[in-house]
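To start, I am sharing the structure in question, which I have written as structure tokens.
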There are 2 protein chains.
Amino acid sequence: MNDQIRRNMALFPIGIVMKLTELTARQIRYYEQHGLIHPARTKGNQRLFSFNDVDRLLEIKSLLEKGLNMAGIKQVLQMQAEGEEARTVINQQSEQKRNELTDQELHQMLKKQIIHGGRNADQSMIRGQLSRFFH
Amino acid sequence: MNDQIRRNMALFPIGIVMKLTELTARQIRYYEQHGLIHPARTKGNQRLFSFNDVDRLLEIKSLLEKGLNMAGIKQVLQMQAEGEEARTVINQQSEQKRNELTDQELHQMLKKQIIHGGRNADQSMIRGQLSRFFH
DNA sequence: TTTTTATGTTATTTTTTCTAACACCGATTG
DNA sequence: CAATCGGTGTTAGAAAAAATAACATAAAAA
């Protein structure tokens with residue numbers, strides 16, 4: 001519900017995010033620079049991350065490991081956002097289904113997306129990795 | 001469950017805790033100095049707070065507003081910790097019961113505690129204020 | 001009235017983060 | 001093969017955030 005609000009609260013500095021995600025500051029900033037995340041800023045311009053941001057970074061990391069590049073990741077994340085939207089309207093599916101993403105599924109998603117900039121493709125998801133920890 | 005672990009993860013710096021609790025840094029440090037909280041530290045010695053810490057600070061604040069002093073608050077928090085322990089063993093009670101603490105209840109608790117340093121007094125609780133936000 | 005308590009304020013130092021620039025290496029491409 | 005590009009490492013210098021410590025103070029307690 002307003003769970004979403006909570007998850008979106010900007011809470012921690014980059015140092016913690018580094019530990020949480022095992023990414024370097026350089027990487028995190030680079031991803032931001034390419035529009036993959038949009039952490040908030042303190043009055044003094046320091047980044048402040050939310051749980052959602054960290055979640056997102058974990059996804060980015062996982063997608064990177066699957067060989068995607070910035071553009072690809074951007075697409076996938078964007079699709080997820082759309083899916084998210086749809087799902088809240090429609091309904092929940094089996095818990096398992098949307099927690100793992102096979103290479104084939106991924107490939108398919110990308111294909112669909114790239115070929116016909118289609119909305120509402122397959123609903124498989126990686127989301128909620130950190131969420132599963134910080135419930 | 002290991003919810004406890006999650007809540008105990010040291011995540012945010014004092015700046016955020018200040019906003020979350022509306023306490024000044026001075027106050028927060030003072031309470032630590034008096035053993036009311038025990039935030040973790042970064043390698044460079046900066047305080048790192050967990051959700052539990054923030055929760056605790058909110059309780060401290062509320063107790064302060066009720067006129068307790070450091071010693072009194074320490075007692076109450078300690079009792080809560082013991083109660084926590086007991087409760088996990090025993091069982092849950094009505095949700096309402098343990099979320100508000102009237103002045104009389106508080107007075108009684110303190111009385112019991114002070115008179116006969118007794119363990120396991122009344123189980124009324126303040127706990128979980130922040131928890132209710134960041135569930 | 002003197003003391004104590006909780007908090008404010010200020011000064012100084014240390015830690016953390018920021019941006020920007022340059023370097024590098026593996027994969028692409030001309 | 002040589003040049004490019006994409007993701008990351010590294011470094012330097014500046015700025016922000018946080019730490020400790022000391023002194024100040026108003027209200028409460030003794």
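To find a chain, count down the sequence lines: A is the first, B the second, and so on, and within it residues start at 1.
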- Along DNA chain C, first and last positions that approach a heavy atom of chain B under 4.0 Å: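 Contacts span C:dT5 to C:dT16, reading 5' to 3'.
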
- Give me the bend of the helix from C:dT1-D:dA30 to C:dG30-D:dC1, using the axes of the five pairs at each end, rounded to 10°.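 Helix axis angle between the two ends: 10°.
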
- Message: Protein within reach of the bases, or only the backbone? For nucleotides 14-30 of chain D, mark each nucleotide 5' to 3' as B, S or -, using heavy atoms under 4.0 Å.
- Response: --SSSBB----------

- Residue pairs fulfilling side chain to side chain donor-acceptor pair (under 3.5 Å) with at least one residue in residues 11-22 of chain B, sequence neighbours excluded: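 Qualifying pairs, neighbours excluded: none.
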
- Message: Restricting to salt bridge (Lys or Arg N to Asp or Glu O under 4.0 Å), what partner residues turn up for A:R47, sequence neighbours left out?
- Response: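 Listed in chain order: A:E32.
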
- Contact summary for B:L11 and A:P13, nearest pair of heavy atoms: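 Residues B:L11 and A:P13, closest heavy atoms: O-CD, 4.2 Å.
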
- Message: Run the side chain to side chain contact (heavy atoms under 4.5 Å, CB included) test against B:K74 and tell me which residues pass, sequence neighbours left out.
- Response: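 With neighbours one apart ignored, the set is B:L36.
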
- Item | A:H34: partners by ring-ring contact (aromatic ring centres under 6.0 Å, His included), with sequence neighbours left out |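 Listed in chain order: A:Y30.
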
- Query: Which residues pass the side chain to side chain contact (heavy atoms under 4.5 Å, CB included) test with B:N8, sequence neighbours left out?
  - Reply: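 Checked B:N8 against side chain to side chain contact (heavy atoms under 4.5 Å, CB included); matches are B:Q4, B:S50, B:N52.
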
- Could you check B:L68, B:L23, B:I73 and say which one makes a side-chain contact (heavy atoms from CB on, under 4.5 Å) with B:I60?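 For B:I60, the side-chain contact (heavy atoms from CB on, under 4.5 Å) check succeeds only for B:I73.
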
- Does A:N45 have any side-chain hydrogen bond (donor to acceptor under 3.5 Å, both in side chains) partners at least two apart in sequence or in another chain, and if so, which?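 Result, side-chain hydrogen bond (donor to acceptor under 3.5 Å, both in side chains) vs A:N45: A:R41.
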
- Message: Check the orientation of B:F12 and A:F12. Use parallel for under 30°, tilted for 30 to 60°, and perpendicular for over 60°.
- Response: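 Taking A:F12 first and then B:F12, their aromatic rings lie parallel (interplane angle under 30°).
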
- Residues in side chain to side chain contact (heavy atoms under 4.5 Å, CB included) contact with A:Q46, at least two apart in sequence or another chain: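 Testing A:Q46 for side chain to side chain contact (heavy atoms under 4.5 Å, CB included), a comparison that skips the adjacent residues, returns A:T42.
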
